[in-house]
S.K.: 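Please read through the structure below; I'll follow up with questions.
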Amino acid sequence: MEARSFISGFCSNPIINNPIQNPSKASFPTVPSYSNQVSFKTIYSLSWKLDSLEYKLQCRSSLQKVEAVSGDTESQKSGDRKKNLAVFVSGGGSNFRSIHKAIVEGSVEGEIVVLVTNKPGDIRLLKHSIVYEGVNAPKYEMDTDFVSDIRAKAIISIEVVGLVQNDGSSSTKVKPSAYKPANVNESKVLNEVVCNYLVQARFSMGSGCGGAEYARDNNIPVILFPGMKEQPDGLSANDLVTTLRRYKIDFILLAGYLKLIPVELVRAYPRLILNIHPSLLPAFGGKGYYGMKVHQAVIASGARYSGPTIHFVDEHYDTGRILAQRVVPVLTNDTADELAARVLQQVFELIPPHFAALAFLYTAIIWNGSEVVSISEHQLYVEVAEALCEERIVWREDGVPLIRNKENPSYYK
Ligand SMILES: Nc1nc2c(c(=O)[nH]1)N[C@@H](CN(C=O)c1ccc(C(=O)N[C@@H](CCC(=O)O)C(=O)O)cc1)CN2
Ligand SMILES: NCC(=O)N[C@@H]1O[C@H](COP(=O)([O-])[O-])[C@@H](O)[C@H]1O
């Protein structure tokens, strides 16, 4: 939102003829762009002289410096030091992976120094060679349990065992090969595979937390929280705070973490913990609303729109200040998986039904009718992570967090 339009409701031209009758004549002062400044306290004083019946609307905008949200004072002093991030996951960690990918590519000026999960245990091969038959366009009935199972579990490997052209003829153009989850984002190869062929793939699946598996593969330390009787090496709330302090964490990102963050951590990191929720909060949030349950509730309600919300975390589920949202349509024949895929991928054009499954599985692959582009819920979190690490998150005086535009500091959203 441009700062000028932001204050349009607060301040008009200092002296205008009868502001009540001629609001359209109001012109707005150009607000100087102040970094970290978003608080506009406007004082009106209305005075008039009876004889001239001239109204003067004195309007002064006083800018109060508002410290940008950042880590501890050290990180503010440090200026451009990379921000230390802790990410919390419970499942496959698709948002975590996207943020990590953006860090590796250099678009996020941060470093994920620790991953926290409530899911213990190494990956054990639970099932293997589930042949996921190539599906027949035009209508594909998604096996919800199968897809939910896939997303919840760590996909250890995906082996493309066959490629069938849409017309049923087999293809020799692209040789089937084994894909590790880390490779599924090789968009060129997948572009070829997902766009042009029906894919038959074998999935080897494991238990545990795919996000933790990805962290281990990328040499990111994994810690267990909360501690429970069946997992004694899990941390207590106070130990978690101590550990994160030791890592010098600046920001905490919840990315599909399914446990309540304790008040000790919320108070230790005020306005520094973000969460992504797959509905337009405050709708369809709170205890019991997570994962596919959210999308099922949205569809059952008849809501016409849904979409991801990124919000600051307070002591309760999903009640913290909202920072960013995206809107996607709920289509009349949506299944929860198709809605989840759209919210994840924030896509308006429907991808061909028979790609929905694969796109959903890969969570970051989307067909825009001509080619695979990776648009996703994850894009929103990456944009927020970029703003966080560049200290472009600021708080309006009324407590609403805003993201300052990178190119034009006068714009906020
Ligand atoms: N203090 C906070 N902690 C967490 C928040 C938050 O806003 N404040 N967000 C959640 C993430 N989330 C929605 O975005 C969410 C996660 C889980 C639940 C839930 O009902 N969980 C179940 C247990 C589920 C399980 O163990 O598999 C429960 O508590 O009974 C609701 C919302 C993360 N933490
Ligand atoms: N209420 C929290 C919640 O439902 N979060 C949602 O869980 C999914 C986790 O996916 P992942 O297993 O790929 O990380 C994500 O879609 C996220 O929005």
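Order of appearance sets the numbers: ligands from 1, and atoms from 1 within every ligand. Only heavy atoms go into these numbers, but all of them, side chains included; no hydrogens, no water, no symmetry mates. Remember, predicted model here, so these are calculated numbers, not experimental data.
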S.K.: Would you mind running through ligand 1 and noting each atom that sits below 4.0 Å from a heavy atom of D314?
M.R.: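 Those of ligand 1 that fall under 4.0 Å from D314 are 1 (N), 2 (C), 8 (N).
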
S.K.: If you measure from the Lys or Arg side-chain nitrogens to the Asp or Glu carboxylate oxygens, is any gap between E390 and K406 under 4.0 Å?
M.R.: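 The answer is yes: the pair qualifies as a salt bridge.
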
S.K.: Return the closest protein heavy atom for atom 7 (O) of ligand 1 as residue, atom name and distance.
M.R.: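 Its nearest protein heavy-atom neighbour is D318 N, 2.7 Å.
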
S.K.: Which ligand 1 atoms are under 4.0 Å away from a heavy-atom of V313?
M.R.: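 Result: 1 (N), 2 (C), 6 (C), 8 (N).
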
S.K.: So is Y289 in contact with ligand 2, going by heavy-atom distances below 4.0 Å?
M.R.: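 The answer is yes: ligand 2 sits under 4.0 Å from a heavy atom of Y289.
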
S.K.: Test your reading of the model: is there a side-chain donor-acceptor pair from N275 to the backbone of H311, 3.5 Å cut-off?
M.R.: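 No: the side chain of N275 does not pair with the backbone of H311.
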
S.K.: Please state which protein non-hydrogen atom is closest to atom 21 (N) of ligand 1 and give its distance, to 0.1 Å?
M.R.: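 Among all protein heavy atoms, the one nearest atom 21 (N) of ligand 1 is L258 O, 3.3 Å.
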
S.K.: Any donor-acceptor pair under 3.5 Å linking the side chain of D334 with the backbone of L331?
M.R.: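 Yes, the answer is positive, given that a donor and an acceptor are paired below the 3.5 Å cut-off.
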
S.K.: Give the atom numbers and elements of ligand 2 that come within less than 4.0 Å of a heavy atom of H277.
M.R.: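 Those qualifying, in numeric order: 1 (N).
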
S.K.: Give the numbers and elements of all ligand 1 atoms closer than 4.0 Å to a heavy atom of Y289.
M.R.: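 That gives atoms 31 (C), 32 (C) of ligand 1.
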
S.K.: Going by heavy-atom distance to atom 34 (N) of ligand 1, choose the closest among K119, K259, E315.
M.R.: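 Ranked by closest heavy atom to atom 34 (N) of ligand 1, first place is K259.
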
S.K.: Does L254 reach ligand 1 with a nitrogen or oxygen that is under 3.5 Å from one of the ligand's nitrogen or oxygen atoms?
M.R.: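 Between L254 and ligand 1 (N or O atoms, distance only) the closest approach is not under 3.5 Å.
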
S.K.: Is it the case that the ring center of H100 lies less than 6.0 angstrom away from the ring center of Y214?
M.R.: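 Judged by ring-centre distance (under 6.0 Å), Y214 and H100 do meet the cut-off.
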
S.K.: Taking the side chain from S107 and the backbone from A102, do they hold a donor-acceptor pair closer than 3.5 Å?
M.R.: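 Indeed, once roles are kept as given, a pair shorter than 3.5 Å links the two residues.
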
S.K.: Hey, looking at atom 14 (O) of ligand 2, which of G93, G91, G256 has the closest heavy atom?
M.R.: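 Closest candidate by heavy-atom distance is G93.
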
S.K.: Can you tell me which residue and heavy atom of the protein come closest to atom 30 (O) of ligand 1, and the distance to 0.1 Å?
M.R.: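 Looking at atom 30 (O) of ligand 1, the protein heavy atom closest to it is K287 NZ, 2.9 Å.
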
S.K.: Side chain or backbone of N118 under 4.0 Å from ligand 1, or both, or neither, by non-hydrogen atoms?
M.R.: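 It is neither; nothing of N118 touches ligand 1.
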
S.K.: State whether K287 and D318 are salt-bridged, where the test is any N-O pair (Lys NZ or Arg NE/NH1/NH2 against Asp/Glu carboxylate O) under 4.0 Å.
M.R.: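 No, K287 and D318 are not salt-bridged.
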
S.K.: Can any side-chain N or O of S279 pair as donor or acceptor with the backbone N or O of V294 at less than 3.5 Å?
M.R.: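 Flag not set: sc S279 to bb V294 has no pair under 3.5 Å.
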
S.K.: Heavy-atom contacts with Y257 under 4.0 Å: which atoms of ligand 1 show up? List them by number with element.
M.R.: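 Counting from 1, the qualifying ligand atoms are 10 (C), 11 (C), 16 (C), 33 (C).
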
S.K.: What residue and heavy atom of the protein are closest to atom 3 (N) of ligand 1, and at what distance?
M.R.: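 For this ligand atom, the closest protein heavy atom is I261 N, 2.9 Å.
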
S.K.: What's the verdict on salt bridge (Lys or Arg N to Asp or Glu O under 4.0 Å) for E391 and R404, showing C-alpha distance, side-chain angles and the deciding distance?
M.R.: CA-CA 9 Å; E391 300 182 6; R404 184 157 43 76; over 6 Å; no

S.K.: Between atom CD of E111 and atom SG of C389, what is the distance when rounded to the nearest 0.5 Å?
M.R.: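 These two atoms lie 10.5 Å from each other.
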
S.K.: For ligand 2, is there an N or O atom under 3.5 Å from any N or O atom of S94?
M.R.: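 Right, the criterion is met.
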
S.K.: Side chain, backbone, both or neither: which part of P308 comes within less than 4.0 Å of ligand 2 when only heavy atoms are counted?
M.R.: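 Neither; no heavy atom under 4.0 Å.
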
S.K.: Counting each atom of ligand 1 from 1 as listed, which ones have a heavy atom of G288 under 4.0 Å away?
M.R.: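 Result: 19 (C), 20 (O).
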
S.K.: Could you list the donor-acceptor pairs under 3.5 angstrom formed by side chains in residues 252-270, with sequence neighbours left out?
M.R.:
{"from": "Y257", "atom 1": "OH", "to": "F225", "atom 2": "O", "distance (Å)": "2.8"}
{"from": "R267", "atom 1": "NE", "to": "E315", "atom 2": "OE2", "distance (Å)": "3.4"}
{"from": "Y269", "atom 1": "OH", "to": "R245", "atom 2": "NH1", "distance (Å)": "3.4"}

S.K.: Check ligand 1 against H311 and write out every atom of the ligand that is under 4.0 Å from a heavy-atom position of the residue.
M.R.: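 Atoms satisfying the 4.0 Å criterion: 7 (O).
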
S.K.: Please report the C-alpha distance between S236 and D239 in whole Å, then the side-chain angles of each, then the deciding distance to 0.1 Å, and finally whether the side-chain hydrogen bond (donor to acceptor under 3.5 Å, both in side chains) criterion is met.
M.R.: CA-CA 5 Å; S236 69; D239 288 349; 3.3 Å; yes

S.K.: So which protein heavy atom does atom 5 (C) of ligand 1 come closest to, and at what separation?
M.R.: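 Nearest neighbour among protein heavy atoms for atom 5 (C) of ligand 1, to 0.1 Å: Y317 CD2, 3.6 Å.
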
S.K.: Can you list the ligand 1 atoms lying under 4.0 Å from a non-hydrogen atom of L260?
M.R.: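 That gives atoms 1 (N), 2 (C), 3 (N), 34 (N) of ligand 1.
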
S.K.: Please list the nearest protein heavy atom to atom 6 (C) of ligand 1 with its residue and the distance rounded to 0.1 Å.
M.R.: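 Here the nearest protein heavy atom works out to H316 O, 3.3 Å.
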
S.K.: For ligand 2, which atoms sit closer than 4.0 Å to a heavy atom of Y290?
M.R.: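 Reading through ligand 2 atom by atom, the close ones are 1 (N), 4 (O).
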
S.K.: Which ligand 2 atoms does A255 reach within 4.0 Å, using its non-hydrogen atoms?
M.R.: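 Counting from 1, the qualifying ligand atoms are 14 (O).
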
S.K.: Taking R326 for its side chain and P308 for its backbone only, find out whether a donor-acceptor pair lies under 3.5 Å.
M.R.: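 Not a single qualifying donor-acceptor pair exists.
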
S.K.: Starting from atom 22 (C) of ligand 1, which protein heavy atom do you reach first, and at what distance in Å?
M.R.: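 Nearest neighbour among protein heavy atoms for atom 22 (C) of ligand 1, to 0.1 Å: Y290 CE2, 3.9 Å.
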
S.K.: Looking only at distances, please establish whether an N/O atom of ligand 2 is found under 3.5 Å from an N/O atom of D318.
M.R.: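 No, there is no polar N/O contact under 3.5 Å.
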
S.K.: Near N275, which atoms of ligand 1 are under 4.0 Å from a heavy atom of that residue?
M.R.: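 So the atoms of ligand 1 that pass are 9 (N), 11 (C), 13 (C), 14 (O).
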
S.K.: Any atoms of ligand 2 less than 4.0 Å from a non-hydrogen atom of G291? List them with their elements.
M.R.: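 Counting atoms of ligand 2 from 1, those under 4.0 Å from G291 are 3 (C), 4 (O).
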
S.K.: Under 3.5 Å, is there a donor-acceptor pair between the side chain of H277 and the main chain of F284?
M.R.: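 Yes, the answer is positive, given that a donor and an acceptor are paired below the 3.5 Å cut-off.
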
S.K.: I'd like to know if the side chain of Q296 reaches the main chain of T335, judged simply by a donor and an acceptor atom lying under 3.5 Å from each other, with no hydrogens or angles considered.
M.R.: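 A pair under 3.5 Å: no.
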
S.K.: Could you tell me whether the side chain of T117 and the main chain of L224 form a donor-acceptor pair under 3.5 Å?
M.R.: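 Side chain of T117 to backbone of L224, a donor-acceptor pair under 3.5 Å: no, none is there.
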
S.K.: With the threshold set at under 4.0 angstrom, would you say G286 reaches ligand 1 through any of its heavy atoms?
M.R.: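 In this structure, G286 qualifies as a contact of ligand 1 - some heavy atom is under 4.0 Å.
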
S.K.: Using a strict 4.0 Å threshold on nitrogen-to-oxygen distance, state whether R342 and E338 make a salt bridge.
M.R.: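 No salt bridge links R342 with E338.
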
S.K.: Between N84 and K248 (side chain of the first, backbone of the second, donor and acceptor by atom type, cut-off under 3.5 Å), is there such a pair?
M.R.: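 The answer is yes, because a donor-acceptor pair under 3.5 Å joins these two groups.
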
S.K.: Does an N or O anywhere in V294 fall below 3.5 Å from an N or O of ligand 2?
M.R.: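 No, there is no polar N/O contact under 3.5 Å.
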
